[in-house]
2 protein chains.
Amino acid sequence: MPLDDSRYAGAVTTPSPTRDRLLDAFEALLIEQGEKAATLDAVAARAGVSKGGLLYHFGSKDALVDGQLARMAALATTDVENIRNAPAGPVDYLIRTSVNAGTPLDRAIIAAACLAQGTHPSANEAIAAMRAQWLAVIEEAVGDPDVAEAILLVSDGLYYNSALANPMPAEAHDPHSPESTQQMDRLLAVIAKLLK
Amino acid sequence: MPLDDSRYAGAVTTPSPTRDRLLDAFEALLIEQGEKAATLDAVAARAGVSKGGLLYHFGSKDALVDGQLARMAALATTDVENIRNAPAGPVDYLIRTSVNAGTPLDRAIIAAACLAQGTHPSANEAIAAMRAQWLAVIEEAVGDPDVAEAILLVSDGLYYNSALANPMPAEAHDPHSPESTQQMDRLLAVIAKLLK
DNA sequence: TACACTATACCGTCCAGCCGGTATAGTGAC
DNA sequence: GTCACTATACCGGCTGGACGGTATAGTGTA
């Protein structure tokens, strides 16, 4: 008997490792080869699972999409806390983590952006909800809502640029490289002009 | 005998109206329903042409993509001149036209962004080339390359947000509405802080 | 015995690309 | 001027493959 999807609707029960492997494979295919390549067969193969095994965990492709978005939302919630409590300040943290370092959240967001273009409405909503959380934190930190919006737009620009201009498999441009760090420092210096 | 594509490689000869209608239909489907929905049948139907007619003008789906990107590049080249000679200044023009007003270039860019996610490498290159032109003009206008980059990132953020968060058919948020204009004015006021 | 799968086969649908045909407009020969 | 021929601009049907989803029989572990 297939799993009841509602079992995983929240983060209540312990998810199986296979389930997470399937979501990882789904995201990897979305990121590396686009939505069209992320077929059920391909996802199952990449996760080292049979197609039947995939459909055991996710009864349909829509369920797989929902699972991906739910996992992203969970990761985003903890990320917002990281932003709020960042030692160097929320703005510094937000901008520095906008450049796709290959973290699970980064991958989840880029994958969701792929789904959003496929006009999957729930993907759009999930992304919009995440952005709203970010905006709230930044606004809380900088005071001025217009400045907060501008900073978030820079963050968006960084994200979509690294997502689109980068169909490469791995860390082709490592965010910890000296060039990237210097570039980031200069960008943050420019942004600092906005804060009073 | 099918058309030789090289005939249209430049803007030398007069392109047929059907050819442009096909590209319009292709872009519309990409924007409104995503890459997956932009099938040859759907494009042909939307353009009011048979599938055979489409394949007469574009010998393959790749040729259709190439045609779309080539038209975008042509539009972008004239846009760069508009930016350079804008009465209110390049920065003002760039930011105000980053919000998807439904111009042919706007539509072309959003359609190309859809193609880029499908990991069509030529789409990535075409977008990168366009961005490089923009960056050059803005850098020329503001002097500081870091400030130019930050401004372009805001522009990118605006673009991708309006592209992704907006799978709506038409001008659901008209850029000439009072709210949009006010929001844009406030954003430009924030950006003005970066310029000296 | 139940759970978490594997492996295989199959169905209906959709899609890219191909092919034969058609209608029309134009060109050169006589 | 008209006949033979060519080029352009399509139409619409077909095929082979892929995809989502279903079904079923079987396996190993706890």
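We name chains A, B, ... by the order of the sequence lines, and we start the count at 1 in each one.
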- prompt: So, is Tyr56(A) near the phosphate of dC5(C), with a side-chain N or O under 4.0 Å from OP1 or OP2?
  reply: no
- request: Return the set of residues passing side chain to side chain contact (heavy atoms under 4.5 Å, CB included) with Ala38(A) (not counting sequence neighbours), or none when no residue passes.
  value: Phe26(A), Leu29(A), Leu30(A)
What's touching nucleotides 27-30 of chain D from the protein side, N or O pairs under 3.5 Å?
none

- request: Provide, to the nearest angstrom, the distance between the CZ atom belonging to Arg19(B) and the P atom belonging to dT8(D).
  value: 14 Å
- prompt: Residues two or more places apart in sequence or in another chain: which of them pass side chain to side chain contact (heavy atoms under 4.5 Å, CB included) with Ala44(B)?
  reply: Leu54(B)
query: Phosphate oxygens OP1/OP2 of dC10(D): is one of them under 4.0 Å from a side-chain N or O of Thr18(B)?
result: yes
statement: The contact string for nucleotides 10-20 of chain C, one letter per nucleotide 5' to 3', using protein heavy atoms under 4.0 Å with B, S and - for base, sugar-phosphate only and none, comes out as -----SBBB--
query: Salt-bridged, Asp20(B) to Arg71(B), with N to O below 4.0 Å?
result: yes
Please set out all donor-acceptor pairs under 3.5 angstrom arising from side-chain atoms of residues 142-154 of chain A, sequence neighbours excluded.
{"from": "Asp144(A)", "atom 1": "OD1", "to": "Asp146(A)", "atom 2": "N", "distance (Å)": "2.7"}
{"from": "Asp144(A)", "atom 1": "OD1", "to": "Val147(A)", "atom 2": "N", "distance (Å)": "3.4"}
{"from": "Asp146(A)", "atom 1": "OD1", "to": "Arg186(B)", "atom 2": "NE", "distance (Å)": "2.8"}
{"from": "Asp146(A)", "atom 1": "OD2", "to": "Arg186(B)", "atom 2": "NE", "distance (Å)": "3.1"}
{"from": "Glu149(A)", "atom 1": "OE1", "to": "Arg131(A)", "atom 2": "NH2", "distance (Å)": "3.3"}
{"from": "Glu149(A)", "atom 1": "OE2", "to": "Arg131(A)", "atom 2": "NH2", "distance (Å)": "2.9"}

message: Going by side chain to side chain contact (heavy atoms under 4.5 Å, CB included), name the residues that satisfy it together with Thr103(B), two or more places apart in sequence or in a different chain.
response: Ala101(B), Leu105(B), Asp106(B)
- line: Taken to the nearest whole Å, NE2/His57(A) to C1'/dG21(D) is 17 Å
query: What residues, two or more places apart in sequence or in another chain, satisfy side chain to side chain contact (heavy atoms under 4.5 Å, CB included) together with Lys51(A)?
result: Leu40(A), Asp41(A), Leu55(A)
statement: Quick note, ring pair (Phe, Tyr, Trp, His ring centres under 6.0 Å) partners involving residues 59-96 of chain A, not counting sequence neighbours, are none
- prompt: Taking only residues at least two apart or on different chains, which pairs with a member in residues 124-162 of chain A satisfy ring pair (Phe, Tyr, Trp, His ring centres under 6.0 Å)?
  reply: Tyr160(A)-Tyr160(B)
